[in-house]
Amino acid sequence: MADTNAIDKANLSAREDKFKEIFSAIQKELTSASLEIEANNVSITINSNNPDPTKISIEVTDHVYRVIYWDGYAVNEYYDYQNFNKALKKFKKFSDKALTNIKKFGIK
């Protein structure tokens, strides 16, 4: 039996529709956001005057999905998952977290 996750891990861009759906929710709130989709890395960046802006990303490393959240100042979190759906769920939660923090504190 084939490992269907192996196909996912080989190419994140095959799940482009899932990431675009999350990005569209962010873009409704923030026009300054950008989405970058590559085979092994997908990231949403909240563009600002900060040289190291808020960024949420998912990348394939060492046969796991690494989901990373950077708030642009001090908070850096990451989680590793074997399952794409769990990683996507965390990616969505980090996206929501970024929006909540921007609503509270603004973009700097």
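Index from 1, following the sequence.
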Going by the rule side chain to side chain contact (heavy atoms under 4.5 Å, CB included), which residues pair with Asp52 if we only count those two or more places apart in sequence or in a different chain?
Asn50, Trp70

What verdict does the side chain to side chain contact (heavy atoms under 4.5 Å, CB included) test give for Ser43 and Asn41, after you've listed the backbone C-alpha separation in whole Å, the side-chain angles of each residue and the deciding distance to 0.1 Å?
CA-CA 7 Å; Ser43 62; Asn41 187 320; 4.0 Å; yes

Is there a side chain to side chain contact (heavy atoms under 4.5 Å, CB included) between Ser57 and Ile44 once you walk through the steps?
CA-CA 6 Å; Ser57 63; Ile44 295 175; over 6 Å; no

Remaining members of hydrophobic cluster (4.5 Å side-chain criterion), Ile68
Tyr78

My understanding is that only residues two or more places apart in sequence, or in another chain, count here; which of them pass side chain to side chain donor-acceptor pair (under 3.5 Å) with Ser13?
Asn11

What residues form a side chain to side chain donor-acceptor pair (under 3.5 Å) with Asp80, not counting sequence neighbours?
Arg66

Distance, nearest 0.5 Å, that separates CZ of Arg15 from CZ of Phe84
5.0 Å

Got a second to check how far Asn40's CG is from Thr61's OG1, nearest 0.5 Å?
9.5 Å

Has Lys90 got its NZ or CZ under 6.0 Å from the middle of the six-membered ring of Tyr79, at an angle within 45 degrees of the ring axis?
yes

Evaluate the criterion side chain to side chain contact (heavy atoms under 4.5 Å, CB included) for residue pair Ser34 and Asn47; output intermediate values, then yes/no.
CA-CA 7 Å; Ser34 62; Asn47 303 314; 3.6 Å; yes

Crowding at NZ, Lys55 (>12 non-hydrogen neighbours, <6.0 Å):
no

Any ring pair (Phe, Tyr, Trp, His ring centres under 6.0 Å) pairs touching residues 28-47, not counting sequence neighbours?
none

Ring pair (Phe, Tyr, Trp, His ring centres under 6.0 Å) contacts in which one or both residues fall within residues 24-54, not counting sequence neighbours:
none

Quiz: residues 19-31 side-chain donor-acceptor pairs under 3.5 angstrom, not counting sequence neighbours:
from, atom 1, to, atom 2, distance (Å)
Lys20, NZ, Glu16, OE2, 2.7
Ser24, OG, Glu21, O, 3.1

Would you say Pro53 and Ile46 make side-chain contact, with heavy atoms under 4.5 Å?
no

Does any non-hydrogen side-chain atom of Val67 lie less than 4.5 Å from one of Tyr81?
yes

Under 3.5 Å, which donor-acceptor pairs do the side chains of residues 92-104 form with other protein atoms, sequence neighbours left out?
from, atom 1, to, atom 2, distance (Å)
Lys92, NZ, Asp96, OD1, 3.0
Ser95, OG, Phe91, O, 2.9
Lys97, NZ, Glu77, OE2, 2.2
Thr100, OG1, Asp96, O, 3.0
Asn101, ND2, Tyr69, OH, 3.1

Hey, does the side chain of Asp71 reach the backbone of Ala74 with a donor-acceptor pair shorter than 3.5 angstrom?
yes

Residues Leu12, Val60; criterion side chain to side chain contact (heavy atoms under 4.5 Å, CB included); working and verdict:
CA-CA 8 Å; Leu12 285 174; Val60 179; 3.9 Å; yes

